[in-house]
Amino acid sequence: MPHLSPTISRISRRVCAGVALAALSVTALAGCSGSGDETTASDGTQQVSVQLGWLPNVENMPVLLAQENGHFAEQGLDVEVLPGGPDVNMDAQIAGGNALVGLLSAEIFAKSVQAGSGLVAIGAEFQTSTSAIVTSADSGINEPKDLEGKKLGMSQTDMPVYPGFFNFVGVNMDNIEQVMTGSDPASLASGEVDAITGSLANQPVVLEEQGFDVKTIPLGDYGYNRWSGVIVVRESSLADETERAEIISVLKAMRAGAEDAVADPQAGAQQIYDAYGQQLGLDLESQQKGAEVWAEILQTNTEDTGLLKVDDASLADLQTFYDANDIKVQATDIFDLSVGEEAFA
């Protein structure tokens with residue numbers, strides 16, 4: 001979800017005016033495009049674009065706080081942040097040159113590479129699955145196997161996630177009644193379904209705000225690490241000395257933004273709410289609670305590498321996800337670890 005400073009006017013205050021989303025429940029955004037890859041401003045700063053994977057909100061704290069707290073500027077960059085959304089082909093934005101750097105989910109990235117996009121990953125924000133099964137505290141559903149014989153509410157965007165997961169953990173999905181409920185958690189609160197699919201920082205937060213006692217079953221607890229916020233660039237950009245240097249600068253600034261998010265997620269949520277709250281209909285309390293969750297996920301599985309950085313052990317973990325979903329790529333072939341090594345030396 002549903003992703004700034006005095007220069008916020010450059011960051012898509014164009015975020016397509018009139019777009020509305022309630023709390024953390026995001027529905028739509030018309031496609032917005034950047035003004036190109038990179039140019040040099042009159043003051044010598046490099047103007048580049050970064051493509052979000054979704055609309056601006058606390059999920060995107062590494063990028064948004066890098067902007068809000070001046071970390072991009074410290075790296076000599078004037079960054080335009082491009083919003084994502086259901087009507088934006090994020091991989092095409094990057095591959096086509098509208099953005100120098102962008103964020104994709106692990107499977108969209110891999111399939112884009114398979115299709116010949118020429119993209120390569122250089123890091124990842126969330127190195128575990130942000131997906132979870134959400135149910136009521138007294139439902140008796142304590143593990144995925146307990147869903148057999150029950151009704152599971154699903155959104156269209158979650159449909160690609162769960163067949164591989166259930167197969168991975170030995171659950172027969174045919175024994176689960178799947179109900180297309182969308183991402184709104186109301187179907188669980190009303191008792192229409194026994195559980196729903198969702199994001200750790202979305203549906204559980206919304207339900208708890210409504211006084212609903214929830215239980216979450218994170219997919220990552222079962223070793224199913226569907227990464228999101230994979231940091232992606234064009235291979236050709238890494239071969240260009242100037243663009244490679246800009247990419248490294250973006251990565252450094254994003255880590256600083258991620259560190260800000262981890263250090264004080266409440267403050268980060270307030271900054272993002274101040275920048276986007278009125279425009280996008282964000283709810284401050286939901287953003288603050290969600291920020292706590294996203295900050296925790298940012299740190300998961302990064303103890304040995306540091307935030308955003310990927311190493312060979314990380315890729316072995318990601319390969320398990322690709323294999324479970326029959327995505328025929330080798331993670332080591334579609335990531336360039338040298339960029340992270342240089343940026344975070």
Side-chain angles (χ1 to χ4, degrees), residues 1-17 19 21 26 29-39 41 45-94 96-104 122-126 228-234 237 243 246-261 268-280 282 287 291 294 298 308:
M1 20 128 243
H3 275 0
L4 292 144
S5 77
T7 60
I8 185 175
S9 58
R10 294 202 72 251
I11 221 188
S12 300
R13 274 215 192 244
R14 273 181 3 199
V15 160
C16 302
V19 173
L21 63 161
V26 179
L29 174 71
C32 302
S33 60
S35 56
D37 235 2
E38 65 285 316
T39 56
T45 59
Q46 294 298 309
Q47 296 178 312
V48 303
S49 297
V50 175
Q51 176 67 57
L52 297 183
W54 196 251
L55 292 165
N57 65 74
V58 291
E59 179 179 353
N60 294 293
M61 287 190 292
V63 173
L64 299 185
L65 295 183
Q67 182 79 308
E68 186 71 16
N69 293 334
H71 300 307
F72 285 133
E74 291 165 3
Q75 293 293 328
L77 300 173
D78 179 7
V79 172
E80 180 179 24
V81 179
L82 305 177
D87 298 323
V88 181
N89 292 324
M90 279 73 74
D91 56 333
Q93 285 282 84
I94 310 160
N98 280 347
L100 180 68
V101 178
L103 304 174
L104 299 175
I122 58 173
E125 292 179 331
F126 306 114
S228 56
V230 176
I231 305 166
V232 175
V233 301
R234 293 182 300 282
S237 294
E243 290 188 14
E246 291 167 352
I247 288 166
I248 289 171
S249 294
V250 168
L251 199 55
K252 288 179 177 179
M254 283 181 62
R255 175 178 269 192
E259 290 170 345
D260 292 344
Q270 182 70 60
Q271 288 174 285
I272 291 168
Y273 176 79
D274 290 344
Y276 292 106
Q278 182 175 1
Q279 198 171 27
L280 295 180
L282 301 177
Q287 290 291 290
W294 288 118
L298 272 170
L308 311 188

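Among all heavy-atom pairs drawn from Leu52 and Met90, the shortest one is O-CG, 3.3 Å. The shortest heavy-atom contact between Glu59 and Phe126 is O-CZ, 3.4 Å.
Glu125 places no side-chain N or O within 3.5 Å of a backbone atom of Val230 that could act as its donor or acceptor partner. Not one N or O on the side chain of Gln287 forms a donor-acceptor pair closer than 3.5 Å with the backbone of Asn57. For Arg234 (side chain) and Ile94 (main-chain N/O), a donor-acceptor pair under 3.5 Å exists by modelled atom type.
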Go through it in stages, so that I can follow the logic: the residues are Val232 and Asp91, the test is side chain to side chain contact (heavy atoms under 4.5 Å, CB included), and I'd like the CA-CA distance, side-chain angles, deciding distance and then a yes or no.
CA-CA 9 Å; Val232 175; Asp91 56 333; over 6 Å; no

Residue pair Asp274, Gln270: steps toward the side chain to side chain contact (heavy atoms under 4.5 Å, CB included) verdict:
CA-CA 6 Å; Asp274 290 344; Gln270 182 70 60; 2.9 Å; yes

Kindly indicate, with the supporting measurements, whether the criterion side chain to side chain contact (heavy atoms under 4.5 Å, CB included) is fulfilled by Val48 and Val101.
CA-CA 9 Å; Val48 303; Val101 178; over 6 Å; no

Run the numbers on Phe72 and Asp78 for side chain to side chain contact (heavy atoms under 4.5 Å, CB included), then give the verdict.
CA-CA 7 Å; Phe72 285 133; Asp78 179 7; over 6 Å; no

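Looking at heavy atoms from C-beta onward, Leu103 lies in side-chain contact with Val63 at the 4.5 angstrom threshold. Between Gln46 and Leu100 the shortest side-chain heavy-atom distance does not fall below 4.5 Å.
If you check the side chains of Gln271 and Asn69, you find a donor sitting under 3.5 Å from an acceptor. Between Gln93 and Asn89, the side chains place no donor N or O within less than 3.5 Å of an acceptor N or O (distance only, hydrogens not considered).
Rounding to the nearest 0.5 Å places CE of Met61 at 6.0 Å from CD1 of Ile272.
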